[in-house]
Protein chains: 2
Amino acid sequence: MADPAPTLRSLARVLGLSRTTVSDALRGSQRVDPNTAERVRQAAREAGYRRNPLAGALMSELRRSRGTAFHGVLAAIDFNEPDRPAHAARYHRELVVGAEARAVELGFKIEKFSVGHAGVSVQRLDAILQARGIHGVILLPAWDEPDLSNLDWTRFAGIYTDYIIERPALHSVCPDHYRSLLAALQRLAALGYRRPGLFLQKHADERLQYRWGAAFRAFQESHAAIKPVPPLIVDAFAKEEFVRWFRRHKPDVVVGHNTVAIDWMEGCGAELPATHGFVCLNVLMKTRPCAGLDLQPRTLGARATELLIGQLQRNETGIPEWPSTTTIPAHWVDGPTLRTAE
Amino acid sequence: MADPAPTLRSLARVLGLSRTTVSDALRGSQRVDPNTAERVRQAAREAGYRRNPLAGALMSELRRSRGTAFHGVLAAIDFNEPDRPAHAARYHRELVVGAEARAVELGFKIEKFSVGHAGVSVQRLDAILQARGIHGVILLPAWDEPDLSNLDWTRFAGIYTDYIIERPALHSVCPDHYRSLLAALQRLAALGYRRPGLFLQKHADERLQYRWGAAFRAFQESHAAIKPVPPLIVDAFAKEEFVRWFRRHKPDVVVGHNTVAIDWMEGCGAELPATHGFVCLNVLMKTRPCAGLDLQPRTLGARATELLIGQLQRNETGIPEWPSTTTIPAHWVDGPTLRTAE
DNA sequence: GCCATGGGTCGGACTGTCCGAACACTTGGT
DNA sequence: ACCAAGTGTTCGGACAGTCCGACCCATGGC
C-alpha cells in the first residue's frame, strides 16, 4: 500500500496507451477497440484503480459546455398552478430564499423557471436547461402529482421538495409532519392539556399519507392520561360541523390549520388562553396571532440545495435507484393562544 | 456577454500577475500584499468573475491529500452491546458492507471501531480518531440511547444510522417504516386480503415512535373495505395471548416480526397460503421462508456514507443546526406465505 | 561583504473529459 | 497501379483552482 493511488495516467503508462484511450475504455466508449477495452478494464481492476468522481464531474462539465464556462447554476422549477392559496405561494418563496442563500455559500446560483399553464412546456424546459448548461434542478411542491418524466434525466440531477414524487422518483426533502405533531402534543401535555383535538381538511391529510392523523392517534394510544377525542377530519371547513364536534367532545386544545376555528371556539364560549387552547399546524396559514408549527421552508430549501450539489459533485445524474426522503422537524412557535405553564 | 466567462488565468493575464497570486488573493490568503489583494478583488468584481466551485473542491482535495496515501478515512462506530440478537448483528454488518462499498466508489475507506463495554472509551476514541486524522464518523444503531456527546464535535462530521440521536443531535438515516407498512398493506389489499392484523412487541414500536402501529391504524381508517382488526401489541411474545387474539378477531393475514406466529396460526387450523397469510416486518428476523420487508441496510449504509462525504466536502463539522432524518422505503420480498393473486 | 530572515510572488503538478487531428488500413472507381 | 473516400482506432491539447516548495529581493545583524 506504499504506492500512491493509481490514476488514469499511471494506468496508461503501464498499458502503453494514452490516458485518453484508457478514459474512453473505462467509460465504455464506442471509439475504442473491444479487445483494448477489455485489457484496460482488467488492468484497472488489478491495479485497484478508482476514478476520482470530483474530477470526472468537473471535466465533463468543462468539456461539454466549452466556451460558455461553468456557471454553477441550479434551476428552481415551479409548476405553474393558477389558483394557489397565499400561504402556499409564501411557502414556495421561502423555500427558494433558503435554497438561494445556501447555493451562494457553496458557490452556486439559482435561477427560477415556471412550467405548465402560463409557463414553458417540459420539452422547452429541457432545451433551455441543456442550452444553459444547467444540470441540477430543485422541483418545488405541486398540489397535483407533478410530471417531469419527459425531461432527459440522464443529464440532470434533481431533488423534489415535498413528500413523494413518482414521475420520476427522485430524492425528496420535506417537513417531518409525523414527528412534529408528536412533539407538539407532548408539549401540550406538559402544559397540562388533557383533551387535545385534531381538526383537519381531509385532502390535506391525504396528501401526507395521513401522517397528521396517524401521529395524533399514535399519541392518544400511547398516553393513558390523554382522553381520546376523535379527530375531526372534514371535506370542507364548515362552522356547524366544527361546533357540533367541539360541543360533543369538549377538547381543551384544538390543533389544526385554519385559525378561523378560534372564532368558532370563542363563539361556543371558550376563552383563549384561559379555558382553551389552539395550535396552528402551519404558521404561514394563520390569520391571527397564535402558537403553531413553523415547517421551516427556508431550512428545507437549504438542505435540498446541499443534497443536490452533493449529487452534482459525485456526477450523479438520472433517477436514483432507491429514492430517499429527507425530513426536518418543525420548529415550535409560541403564541397567545396557549397558557404558559401548568 | 460575448466573451467567455473570466477565469483565474484570464484575470491574472489582465492584472499582470500569476494565477496563483490571484487565487490566493481572492481566498484572502495572508501571503498576498493587501494592496495587491484589493486590486485583484476589484478587477474580479468588474470582470464578473465567478469561481468554479467544482474545480475548487477538486483541487482542494487533490492538493491537501497529496502524500497521504489514502484519500480519506471514515470511521464506523459500533456501540458494544453484549447480548445483541443475531438479526441485529446482521443488520449492523449489512449497514457496514453498504457503507464500505459506497466509500470505496467515492475514494474513501472505512475503519471499524467499537466503544463501551469491551471496546474503547469515548475519550480514547476521540484521541484515536484525532491521531488518525479521521473527521467523518458513521454511528451504527444502538438499542439504548447512545451518548457520544463527549466527542469533540467541532472536529467531526457524523451521521447516525437509526431514527433519532439526541446526544448529540446529528443527521440520521433509517428505513421509512411508516411508508413501507402502508405500501405493504396496500399490496395485501390488492391480493384480496380484507382483515389484516398487526402483531408487535411493544418495545419495538416504541423505539420507532409508534410508526408501525400508526401506519396500520391510518390504513384502516382510510380504507372503508378493510375490517378494523385491533393490533396486538404485547410486552413479550406468548402463544396464548396470540391465539386468543387470532381466534377472536380472525385476521386473514398477519403482519409481524416474529415468524413463530406462523406456527401458532397453523396450530389454530390455518393453512398458509391457502386460508391465511403472513408478512414479516424485517426479513432478517425470519426463521422460516415467508414474504416480508427488506429494510435495505446496505442501501442505508451507502446513503449514510454519501451524506457524510458531502458534509466533509463542504467542510461541515460539528452538530447541525437542524438535524435531518433521511429515510428509504423497504423493499418488498415475495414468499410462500401469501397467495399470489386475487 | 556575507549570510540569515522573511514578505511577496510564481511555477509545477494534479485530476478526468471532450473534441478534433492523426494515423493505419480497406474499399471502389478509373 | 493509383488515388480518393471511408472506417476504425488512438492520441494530444486544453481546461479548472489549489497547495507547496522555490525563488527573488530588500533588510538587518555581525
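Letters A, B, ... are given to chains in the order of the sequence lines, protein chains preceding strands, and every chain is numbered from 1. Please read all numbers here as calculations on a predicted model, not as lab measurements.
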key: Derivation of the side chain to side chain contact (heavy atoms under 4.5 Å, CB included) call for A:Val115 and A:Asp78   = CA-CA 6 Å; A:Val115 300; A:Asp78 196 358; over 6 Å; no
request  = Provide the closest heavy-atom pair for A:Pro175 versus A:Tyr91 in the form atom of the first, atom of the second, distance.
outcome  = CG-OH, 3.5 Å
Nearest-Å distance for atom pair CG/C1', residues A:Asn35 and D:dT10 = 14 Å
ask   = Can you tell me if the side-chain N/O atoms of B:Ser23 get under 4.0 Å from OP1 or OP2 in D:dT18?
value = yes
ask   = Ignoring hydrogens and angles, does a donor from either the side chain of B:Arg31 or the base of C:dG6 sit under 3.5 Å from an acceptor on the other?
value = no
task = Write down the distance between CG (B:Leu26) and C1' (D:dT18), rounded to a whole number of angstrom.
result = 13 Å
task = May I have the distance from A:Leu17 (atom CG) to D:dG12 (atom P), rounded to whole angstrom?
result = 11 Å
remark   = Taken to the nearest whole Å, CG/B:Leu58 to P/C:dT17 is 12 Å
key: From C:dC10, C:dT15, D:dT9, nucleotide with atom closest to A:Ala55 side chain   = C:dT15
query = Looking only at side chains, do A:Asn80 and A:Ser114 share a donor and an acceptor under 3.5 Å apart?
reply = yes
request  = If a pair satisfies salt bridge (charged side-chain N to carboxylate O under 4.0 Å, His left out) and one of its residues is in residues 10-28 of chain A, list it, with sequence neighbours excluded.
outcome  = A:Asp24-A:Arg27
inquiry  = Can you pull out the residues from residues 36-48 of chain B that lie within a 4.0 Å heavy-atom distance of DNA chain C?
reply    = B:Thr36
Between P of D:dC19 and CG of B:Leu8, the distance in whole Å = 12 Å
task = State whether A:Thr21 places a side-chain N or O below 4.0 Å from either non-bridging phosphate oxygen (OP1 or OP2) of D:dT10.
result = no
query = Are OP1 or OP2 of C:dT15 and a side-chain N or O of A:Thr7 less than 4.0 angstrom apart?
reply = yes
Donor-acceptor pair under 3.5 Å, A:Arg51 side chain vs C:dT15 base = no
task = Indicate the ring-plane relationship of A:Trp322 and B:His331, choosing parallel, tilted or perpendicular according to the 30° and 60° boundaries.
result = perpendicular
note = Out of C:dT15, D:dT9, C:dT9, minimum distance to the side chain of A:Asp33 belongs to D:dT9
message = Quiz question: by atom type and distance under 3.5 Å, do the side chains of B:Ser18 and B:Thr21 form a donor-acceptor pair?
response = yes
remark   = Here the pair of heavy atoms bringing A:Thr161 nearest to A:Leu139 is OG1-O, 2.7 Å
Within residues 9-16 of chain A, residues whose heavy atoms come under 4.0 Å of DNA chain C = A:Arg9
request  = With sequence neighbours excluded, tell me which residues meet side chain to side chain contact (heavy atoms under 4.5 Å, CB included) with A:Gln42.
outcome  = A:Glu38, A:Arg45, A:Glu46
message = Could you work out, with side chain to side chain contact (heavy atoms under 4.5 Å, CB included) as the rule, every residue matching A:Ser172, not counting sequence neighbours?
response = A:Tyr160, A:Thr325
task = Starting at atom CZ of A:Arg19, determine the distance to atom C1' of C:dC19, rounded to an integer number of angstrom.
result = 12 Å
task = Go through the structure and list residues passing side chain to side chain contact (heavy atoms under 4.5 Å, CB included) with B:Ala302, not counting sequence neighbours.
result = B:Arg102
query = Can you tell me how far C1' of D:dA16 sits from CG of B:Asn52, to the nearest Å?
reply = 6 Å
ask   = In whole Å, what is the span from the CG atom of A:Asp24 to the P atom of C:dC19?
value = 11 Å
ask   = How is B:Arg27 classified with respect to the nucleic acid when contacts are heavy atoms under 4.0 Å: base, sugar-phosphate, or nothing?
value = sugar-phosphate
request  = Under 4.0 Å between any heavy atoms, over every strand shown, what does A:Thr20 touch: base, sugar-phosphate, or nothing? Just pick one.
outcome  = base
